[in-house]
Number of protein chains: 2
Amino acid sequence: MARQPKGVTISDVAAKAGVSLSTVSRALNGNPTVDPELVVRVQDAAAELQYSASPVARSLVLGRTQTVAVVVPDLANPTFQAILRGVSRAAAADEYHVLVADSAESVDEERVLATATRRRTDGVILCSPRLAQDELDRLIGGLRPVVLINRSAGDAPTVRADYRGALGAELEHLRALGHRRIVFLAGIERSVANAARLEAIEAFRAQHPDVEVNEIACGVDFDAGAAAADAVLASQATAALAFNDLVAMGLLSAVQDRGRRVPADLSIVGFDDIPFARYTTPPLTTARVPAEEIGVQAWERMRGQLDGTAAAPALSLTPELIVRGTSGPPPA
Amino acid sequence: MARQPKGVTISDVAAKAGVSLSTVSRALNGNPTVDPELVVRVQDAAAELQYSASPVARSLVLGRTQTVAVVVPDLANPTFQAILRGVSRAAAADEYHVLVADSAESVDEERVLATATRRRTDGVILCSPRLAQDELDRLIGGLRPVVLINRSAGDAPTVRADYRGALGAELEHLRALGHRRIVFLAGIERSVANAARLEAIEAFRAQHPDVEVNEIACGVDFDAGAAAADAVLASQATAALAFNDLVAMGLLSAVQDRGRRVPADLSIVGFDDIPFARYTTPPLTTARVPAEEIGVQAWERMRGQLDGTAAAPALSLTPELIVRGTSGPPPA
DNA sequence: CTGTTAGCGCTTTCAG
DNA sequence: CTGAAAGCGCTAACAG
């Protein structure tokens with residue numbers, strides 16, 4: 001691996017301006033204790049030489065890289081893409097850079113990437129980490145400053161979507177439409193996101209004993225949803241609540257392929273409101289997770305730690321129920 | 001902005017192992033000229049102290065950051081997301097990190113980000129840069145090593161999708177189905193991507209004077225496609241070729257809202273084959289741009305420059321025509 | 001206000 | 001084979 005071609009350094013500027021290194025450093029960093037005339041001379045010299053200080057050298061001496069890491073479980077997931085976008089834009093506005101790392105849903109990778117990227121950055125934002133709780137608790141100590149998305153651990157700032165509340169709203173929506181047999185297509189068994197959804201279901205059952213809510217093991221992507229179609233239809237449920245929009249879309253497509261009409265024969269509701277949820281036929285009823293906003297808020301909390309500002313409180317954004325075309329009254 | 005808490009340094013390890021700094025450095029970097037027994041002692045000490053060398057310090061002394069930058073015009077675009085994913089995964093496999101920068105379709109930002117991110121990385125991958133050709137030519141000199149995606153400039157390695165060829169294939173497909181009046185929904189006027197498509201149309205016209213191909217100014221997203229619906233229907237064309245899938249989906253949706261059937265009344269073909277193109281109703285006929293593969297190949301070319309390997313040749317990947325449900329014979 | 005000096009944490013000559 | 005010393009390019013005391 002070749003080394004960088006050596007560029008123009010601060011010494012070159014100092015020589016050209018006829019001053020010392022420190023004066024160049026001060027002048028260029030806006031230190032007010034520099035003769036205005038010298039400042040101009042230095043700036044001119046720097047401009048002529050197209051000089052700008054080496055970020056790497058500054059990072060070493062300042063102990064700060066102006067970069068944060070974002071670790072996501074899957075860069076192919078639209079929700080994580082939106083969160084990354086939010087972080088990226090918000091951080092850029094504050095002159096920070098973003099290092100991305102995709103753990104590809106591997107817990108081992110996640111652990112390694114979190115620590116490895118942390119060392120080359122000033123902090124790390126862990127997006128829906130898949131790590132078990134005890135491991136996460138242990139890990140974040142060495143990661144600080146850290147911001148967690150959709151998880152909590154110790155005193156680390158958190159930004160989350162309120163899955164519990166939103167799923168509850170979806171269940172209420174279906175019940176209000178008249179549904180009494182609902183099936184939930186579960187995501188990844190042991191995942192935290194899934195657990196939050198199951199809690200919401202539990203609470204709903206307790207409150208509405210007249211409604212039957214059953215679970216079907218499913219998965220998190222389009223194919224998983226499609227594969228669950230037969231089980232859903234066999235269950236006699238009049239409405240299906242999918243773990244996320246991808247699953248809902250897979251189910252929608254497979255169910256329609258089998259000649260059933262949505263929502264006349266079966267109502268389907270998703271979760272996330274990914275960009276394409278509006279464009280299914282009929283458009284998907286879902287709960288809108290403000291993913292980009294989550295990214296922005298995560299950055300906000302990171303910046304708070306970085307500049308020592310009062311830490312912004314933990315934030316829980318409740319996804320808004322978006323009623324579109326895939327939910328309706330149950331068949332008569 | 002707070003400084004890093006100071007961690008354990010190489011000196012701590014040296015002290016603990018009872019050797020000098022240099023020996024620790026050598027031992028940990030697998031330099032063979034170290035007494036095997038000392039190597040063990042050093043490794044043990046390092047392990048006990050949980051030491052690992054500061055990437056920032058190494059970057060400074062080695063002149064290499066083990067990081068590359070990827071500059072994209074829009075992180076919300078599924079194609080760029082896929083390219084980023086490809087680069088990210090391929091680079092990770094080679095122990096490289098990825099810094100992302102989103103220029104948000106701003107030419108000015110793009111120029112600034114390219115230079116700024118380059119300084120903290122070992123090279124930059126410019127994804128469909130929006131910069132004018134002369135500016136791009138000028139810019140890449142100071143950016144090397146650089147890889148261009150969907151553009152060419154000087155001798156910079158390039159990976160591109162063959163828009164021209166693929167659009168030609170789509171036109172042939174429509175003609176074979178019997179269409180003789182085709183309308184093209186153009187993207188951003190002055191963009192390179194649009195120019196390539198117009199060239200393809202020109203070539204097709206020359207070869208098939210019996211087919212009429214007209215252009216309609218449109219845009220690049222769903223709403224632009226939807227907004228063009230009336231113009232498309234008014235044009236009397238029997239088939240519409242959209243700048244990309246988003247536009248095609250917008251058009252599809254709006255046309256169906258107006259009670260027209262696709263493809264019975266109008267055929268629609270897209271471009272890109274974004275993940276959701278399969279899931280429209282009917283599924284979208286399009287040309288598959290292997291975006292993630294483009295990312296992988298871009299990394300391949302970056303790595304070639306980084307390790308001085310023979311530079312991989314420029315690569316043009318031809319998108320495959322994916323015939324699905326939105327294209328059919330023209331109405332009788 | 002400015003220059004000199006000492007590092008930031010590491011790798012790599014250069015001696016031994 | 002190992003240690004001492006010289007930097008990588010920059011900032012920040014510390015003197016003047």
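As the structure is a prediction and not an experimental result, all values here were calculated from the model. The sequence lines fix the lettering, A, B, ..., with proteins before strands; numbering per chain opens at 1. Just the heavy atoms: all of them, side chains too, but no hydrogens, waters or symmetry mates, feed the values below.
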Worksheet item: Counting side-chain heavy atoms from CB outward, which of D:dT11, C:dC10, D:dG9 is closest to A:Leu60?
Response: D:dG9
Item to complete: Using five pairs at either end of the helix from C:dC1-D:dG16 to C:dG16-D:dC1, determine the angle between the two local helix axes and round it to 10 degrees.
Response: 50°
Practice prompt. Could you state the atom-to-atom distance from CG of B:Asp12 to P of C:dG9 in whole Å?
Written response: 9 Å
Practice prompt. Check step by step if side-chain hydrogen bond (donor to acceptor under 3.5 Å, both in side chains) holds for B:Ser20 and B:Thr23.
Written response: CA-CA 5 Å; B:Ser20 73; B:Thr23 301; 3.3 Å; yes
Is there any protein nitrogen or oxygen under 3.5 Å from a nitrogen or oxygen in nucleotides 2-4 of chain D, and what are the pairs?
residue: D:dT2; atom: OP2; partner: B:Asp35; partner atom: N; Å: 2.6
residue: D:dG3; atom: OP2; partner: B:Ser20; partner atom: N; Å: 3.1
residue: D:dG3; atom: OP2; partner: B:Ser20; partner atom: OG; Å: 3.1
residue: D:dG3; atom: OP2; partner: B:Thr23; partner atom: OG1; Å: 2.5
residue: D:dG3; atom: N7; partner: B:Arg26; partner atom: NH1; Å: 3.3
residue: D:dG3; atom: O6; partner: B:Arg26; partner atom: NH2; Å: 2.4
residue: D:dA4; atom: N7; partner: B:Ser22; partner atom: OG; Å: 3.4
residue: D:dA4; atom: N6; partner: B:Ser22; partner atom: OG; Å: 3.0

Worksheet item: Does B:Lys16 come within less than 4.0 Å of B:Asp12, counting only side-chain N to carboxylate O?
Response: no
Practice prompt. Please state how far atom CZ in B:Arg64 lies from atom P in C:dT11, giving the value in whole angstrom units.
Written response: 10 Å
Worksheet item: Excluding sequence neighbours, so at least two apart, what forms side chain to side chain contact (heavy atoms under 4.5 Å, CB included) with B:Arg151?
Response: B:Pro129, B:Gln133, B:Leu136, B:Leu148, B:Val192
Worksheet item: In terms of side-chain heavy atoms of A:Ala57, which of D:dC10, D:dT11, C:dG9 is nearest?
Response: D:dC10
Worksheet item: Is B:Glu110 reaching over with its side chain to a backbone N or O of B:Arg130, donor-acceptor style, under 3.5 angstrom?
Response: yes
Fill in: Nearest-neighbour nucleotide for the B:Arg58 side chain, D:dC10, C:dC8, C:dC10 considered
C:dC10
Item to complete: Round to a whole Å and report the spacing from CG of A:Asn31 to C1' of D:dC10.
Response: 15 Å
Worksheet item: Roughly, in whole Å, what's the span from CG in A:Leu62 to C1' in C:dG9?
Response: 14 Å
Worksheet item: Of all residues at least two apart in sequence or in a different chain, which pass the ring pair (Phe, Tyr, Trp, His ring centres under 6.0 Å) check with A:Phe80?
Response: none
Response to the item:
A:Ile10 CD1 to C:dT4 P, in whole Å, measures 14 Å
Worksheet item: According to the ring-ring contact (aromatic ring centres under 6.0 Å, His included) rule, which pairs have a member within residues 127-163 of chain A, sequence neighbours left out?
Response: A:Tyr163-A:Phe271
Worksheet item: Over how many whole Å does the gap from A:Leu28 atom CG to D:dG9 atom P extend?
Response: 17 Å
Practice prompt. Could you tell me whether a side-chain N or O of A:Arg118 sits under 3.5 Å from a main-chain N or O of A:Thr121, the two making a donor and an acceptor?
Written response: yes
Worksheet item: Does the A:Arg301 side chain pair with the main chain of A:Gln297, one donor and one acceptor, at a distance under 3.5 Å?
Response: yes
Discussion item. Looking at A:Ser54, I'd like to know whether one of its side-chain N or O atoms comes within less than 4.0 Å of OP1 or OP2 on D:dG9.
Written reply: no
Worksheet item: Sequence neighbours excluded, which residues qualify as salt bridge (charged side-chain N to carboxylate O under 4.0 Å, His left out) partners of B:Arg89?
Response: A:Asp74, A:Asp102, B:Glu292
